[in-house]
Amino acid sequence: MTASPITSWARASRCSACPVDPCRPPATSAYERVWAGSDADADWDAIAPFFYGRWDVAAQAHAASEVAQTHDEAAEMYASSGAFAPDADRAVLAGMDARVLLLAGEVDSGPLPRIAADLVKLLPRAELVVQPGAGHYPWLDDPRRFTRTVAAFLGQEPAGSAR
């Protein structure tokens, strides 16, 4: 696992928004270690609540199922050296003629909503929605709001002009 470019301010902000007060003291140091490059299972397990807007039964079950859903080889390659060519990637995105919904969680640290706002500018027909109170899994944090947002986006007439 490589270190993330997320800023210390963003990490501190996310730690203060952890949905479970008791998770903060032990998880905050684990969170720092993960963003510094730790791949220790104990650190990743400790920070699980940070990925959710709320730490309820559904979030806990989802977190518990994560290992079974991970494809280790693909995960290793995801952000490996050479996986991205920023200039070429931006050119491809700028040429896309498709409507895109980028739905970010308000308390997600990957991507932060402000980073999602920058990403949406790369796509000519993109729309950004930031789901209040949601983390990295907005469909778990508020399934109704998530479903309404996606359904509304899919039900819209295709945009024929710039945003």
Side-chain angles (χ1 to χ4, degrees), residues 1-39 41 43-71 74-75 78-79 83-84 89-90 93 96 98-156 159 163:
M1 179 64 62
T2 58
S4 168
I6 187 170
T7 66
S8 58
W9 172 87
R11 290 191 303 271
S13 173
R14 180 59 188 116
C15 289
S16 69
C18 182
V20 186
D21 283 338
C23 84
R24 289 189 192 140
T28 301
S29 58
Y31 196 70
E32 288 295 329
R33 287 190 301 274
V34 164
W35 292 120
S38 172
D39 62 358
D41 288 342
D43 286 339
W44 282 92
D45 291 346
I47 69 167
F50 289 129
F51 290 93
Y52 300 87
R54 58 185 190 196
W55 191 235
D56 58 10
V57 172
Q60 292 172 40
H62 184 263
S65 72
E66 183 267 335
V67 171
Q69 296 180 40
T70 301
H71 186 283
Y78 173 69
F84 303 103
D89 296 342
R90 284 184 181 93
L93 294 174
M96 284 183 60
R99 292 177 59 240
V100 175
L101 173 63
L102 182 55
L103 197 153
E106 177 185 35
V107 296
D108 191 0
S109 61
L112 295 164
R114 68 176 174 79
I115 301 298
D118 288 341
L119 292 172
V120 79
K121 294 174 190 172
L122 299 174
L123 297 146
R125 296 177 58 205
E127 175 182 333
L128 172 64
V129 174
V130 177
Q131 184 169 307
H136 196 67
Y137 307 102
W139 57 91
L140 291 174
D141 292 320
D142 189 343
R144 286 189 182 124
R145 181 184 294 264
F146 177 83
T147 301
R148 283 193 312 264
T149 299
V150 173
F153 176 79
L154 294 174
Q156 291 178 358
R163 302 177 266 168

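Residue indices begin at 1 and follow the sequence shown.
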Engineer: To the nearest 0.5 Å, tell me how far D56 CG sits from D141 CG.
Structural biologist: 7.5 Å
Engineer: Testing the basics here: between A59 and Y52, what is the closest heavy-atom pair and its distance to 0.1 Å?
Structural biologist: CB-CD2, 3.5 Å
Engineer: Taking side chain to side chain contact (heavy atoms under 4.5 Å, CB included) as the definition, give me every residue that meets it alongside V67, ordered by chain and number, with sequence neighbours left out.
Structural biologist: none
Engineer: So which atom in L128 and which in A117 form the shortest heavy-atom distance, rounded to 0.1 Å?
Structural biologist: CD2-CA, 3.6 Å
Engineer: Can you tell me how far CG of D43 sits from CZ of R33, rounded to the nearest 0.5 angstrom?
Structural biologist: 4.0 Å
Engineer: What is the minimum heavy-atom distance between A46 and A30, and which atoms define it?
Structural biologist: CB-CB, 3.8 Å
Engineer: Which value, rounded to the nearest 0.5 Å, describes the distance between E106 atom CD and L112 atom CG?
Structural biologist: 12.0 Å
Engineer: Closest heavy-atom contact between Y31 and S109?
Structural biologist: OH-OG, 2.7 Å
Engineer: Look only at the side chain of R54 and the backbone of L140, and say whether a donor-acceptor pair between them is shorter than 3.5 Å.
Structural biologist: yes
Engineer: Calculate, to the nearest 0.5 Å, the distance between atoms CG and CG belonging to L123 and L101 respectively.
Structural biologist: 11.5 Å
Engineer: For side chain to side chain contact (heavy atoms under 4.5 Å, CB included), just list the numbers for T147 and T149, CA-CA rounded to whole Å, side-chain angles, deciding distance to a tenth of an Å, and then say yes or no.
Structural biologist: CA-CA 5 Å; T147 301; T149 299; over 6 Å; no
Engineer: Atom CZ of R145 and atom CG of L103: how far apart are they, to the nearest 0.5 Å?
Structural biologist: 10.0 Å
Engineer: Is there a side chain to side chain contact (heavy atoms under 4.5 Å, CB included) between W44 and F51? Walk through the geometry before answering.
Structural biologist: CA-CA 11 Å; W44 282 92; F51 290 93; 3.9 Å; yes
Engineer: How close do P124 and M96 get, heavy atom to heavy atom, and via which atoms?
Structural biologist: CG-O, 3.3 Å
Engineer: Could you report the tightest heavy-atom contact between Q131 and P138, atom names first, then the distance?
Structural biologist: NE2-O, 3.0 Å
Engineer: Any side-chain heavy-atom pair from R99 and F153 closer than 4.5 angstrom?
Structural biologist: yes
Engineer: Evaluate the criterion side chain to side chain contact (heavy atoms under 4.5 Å, CB included) for residue pair Q60 and W55; output intermediate values, then yes/no.
Structural biologist: CA-CA 6 Å; Q60 292 172 40; W55 191 235; 3.4 Å; yes
Engineer: Measure the CG-CD1 distance between D108 and I115 for me, rounded to the nearest 0.5 Å.
Structural biologist: 11.5 Å
Engineer: Go through E127 and V100 one step at a time and tell me if the side chain to side chain contact (heavy atoms under 4.5 Å, CB included) criterion holds.
Structural biologist: CA-CA 6 Å; E127 175 182 333; V100 175; over 6 Å; no
Engineer: Please report whether the ring centroid of H62 lies less than 6.0 Å from that of Y137.
Structural biologist: yes
